[in-house]
Amino acid sequence: MDVVLLSRLQFAIAVFFHFIFVPLTLGMTVLLAIMETAYVRTGKEIWKRAVRFWGKLFLINFTLGVVTGISLVFQFGMNWSRYSAFVGDIFGSLLAIEATVAFFLESVFVAVWAFGWNRISRKAHLVAIWLVALASNTSALWIILANGWMQNPVGYVLRNGRAELESFGSVFFNGFAWGQYSHTIFSSWMLSGFFILGISAWHLLRGNETEFFKKSVKVAAPFTLILALLLGMTGHKHAVDVALHQPMKLAAMESHWDTAKNVPMYLLVVPDPDNSTNLVEAFPVPDMLSMLVGGSGDTEVKGLKEVAPDLRPPVTPTFLSFRFMAGCGVLFILLAFLAWRHRRDLEQCPRLMKCLVYCIPLPYIAIMAGWAVAEIGRQPWIVYGLMKTSDAASPVPSYSVFFSILALIVIYGFLGTLDIALLRKYAKRGPDPRN
């Protein structure tokens, strides 16, 4: 098998598995900070119990997330050495800032917060979790700025066969990257809200600690609804950015082939990329795609036929991933609205509670689909318009990558099983009555 394809597969396995843990870390820190603020302000022990219970699940998730994230950095040198040589001046600096500033701060204050109960003052302990929330979400910023530069390279100059940093300000204020960041952060926070709602609903269905889990619902329900709405807004804004900077990705997302104005959006589409067309186009909404992209039916939307077939993204996986993600977004708004509406009497809505329980894994899958759109839709470029993925891989034997993939699957399979087992165990056990 081709070493480029194997390297892509290995990185996809590693990054997707790592990103199982990232969203819950980003959002749970904020929710824990909100709950601990309520505890410090009111002095009510139920809020302390809430922070201790949800914090235990957060720490399990955080620990495994750190472990799985370490291998990603090494892959840039082992599997993507040509890429690293080409963009290391830019990409490396962003990752260095993330590791030495944000992640260091996050790790230090996670320890202070985890072991500081009854050892430091309530206010100092509260400051610690707010700093963890700030640092974890800032850590994500630097990583997404790096990815955003790959999607929309700015602030560089080509010199001696390399992309060298010319304007750090341009890289930092890259609008495309900030659009990615806001969409990622809001999706992560929303996922954390559904995580709390789902586990709370499971206990309420069984009549366990009713007062405790109703308190958790009252915090998580409005939080989740707000984030679901913000997620839809940032998703639309980012799609407009994609149309501007990566028109072929947008065309693949919609399976749109011919450049035109007054482009409708078809509710039912079956792509046929082999013949550069669609097998089925049904239920059109007139001018809708042009309206979404440019605010007017006269907006021109570029089609996939604008470029040669070898410069087009893989259409079917990009299209299906986007449709799945967008459909989930609508469902999340509906479920979050119902949870908010019944936040005071959720225990009287067994069907809704069951839906919330079954919904726990769905935001994870939707986020993965979103990243599939971002990364598959960028192909064949690893740095959009500058470097093709086929030119970025290390010149290593394919069998070495193959066996490392097998090792990753075994190790990550064990860690994933461990994570699910621990989260399931402590989530089902409920809050410690001694806290």
Side-chain angles (χ1 to χ4, degrees), residues 1-28 56-84 91-92 95-96 98-99 102-104 106-107 110-111 114 136 139-140 142-144 146-147 184 188 191-192 195 317 360-372 374-376 382 389 392-428:
M1 192 178 290
D2 179 58
V3 68
V4 176
L5 181 59
L6 285 171
S7 295
R8 288 178 63 190
L9 179 61
Q10 177 170 298
F11 194 83
I13 292 171
V15 75
F16 273 15
F17 188 83
H18 173 61
F19 210 78
I20 291 173
F21 307 98
V22 172
L24 188 61
T25 294
L26 298 178
M28 191 66 86
K56 184 180 295 184
L57 301 182
F58 158 72
L59 288 172
I60 293 169
N61 183 82
F62 175 81
T63 302
L64 288 168
V66 171
V67 172
T68 58
I70 293 173
S71 67
L72 290 174
V73 179
F74 291 102
Q75 289 196 40
F76 291 115
M78 294 187 299
N79 294 76
W80 302 100
S81 59
R82 288 170 174 158
Y83 164 79
S84 298
F91 196 81
L95 294 189
E98 184 274 333
F103 181 70
F104 178 78
E106 179 185 14
S107 300
V110 160
S136 62
S139 177
W142 291 108
I143 293 171
I144 292 177
N147 183 271
T184 302
S188 300
L191 176 147
S192 303
F195 183 81
I360 291 175
L362 194 56
Y364 288 93
I365 302 171
I367 289 175
M368 297 303 173
W371 277 110
E375 300 306 303
I376 297 174
I382 191 168
T389 307
S394 300
V396 295
S398 58
Y399 66 82
S400 65
V401 183
F402 176 76
F403 285 114
S404 64
I405 290 175
L406 294 181
L408 274 180
I409 291 173
V410 172
I411 295 170
Y412 283 177
F414 169 75
L415 291 175
T417 303
L418 179 64
D419 177 65
I420 293 172
L422 289 173
L423 287 176
R424 185 173 183 270
K425 174 183 176 180
Y426 288 104
K428 290 179 68 176

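Positions are given from 1, in the same order as the sequence printed here.
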Quick one: side-chain hydrogen bond (donor to acceptor under 3.5 Å, both in side chains) partners of [X], sequence neighbours excluded?
X    : answer
S84  : none
D419 : none
S139 : E98

Residues forming a side-chain contact (heavy atoms from CB on, under 4.5 Å) with [X], sequence neighbours excluded:
X    : answer
S81  : S394, P395
T389 : V4, R8, W80, Q379, I382
L57  : F53, W54, F195, I199, L423, Y426, A427
T184 : F19, I144, S188, W371

Rounded to the nearest 0.5 Å, how far apart are [atom1] of [X] and [atom2] of [Y]?
X    : Y    : atom1 : atom2 : answer
Y364 : F16  : OH    : CZ    : 15.5 Å
F11  : E375 : CZ    : CD    : 8.0 Å
L24  : N61  : CG    : CG    : 4.0 Å
F17  : L415 : CZ    : CG    : 5.5 Å
L362 : L191 : CG    : CG    : 10.0 Å

Which heavy-atom pair separates [X] from [Y] by the least distance, and what is that distance?
X    : Y    : result
L59  : T63  : O-OG1, 2.8 Å
L9   : I405 : CD2-CD1, 4.1 Å
S192 : P23  : OG-O, 3.4 Å
I360 : P363 : O-CD, 3.3 Å

Worksheet entry | Results of ring-ring contact (aromatic ring centres under 6.0 Å, His included) for F91 - residues two or more places apart only |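 So F91 forms a ring-ring contact (aromatic ring centres under 6.0 Å, His included) with F76, Y83.
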Discussion item. Under the rule for ring-ring contact (aromatic ring centres under 6.0 Å, His included), what residues qualify as partners of F62, not counting sequence neighbours?
Written reply: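 Expected list: F58.
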Worksheet item: Side chains of E106 and T25: closer than 4.5 Å at any heavy-atom pair?
Response: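 Of all side-chain heavy-atom pairs linking T25 with E106, at least one is under 4.5 Å.
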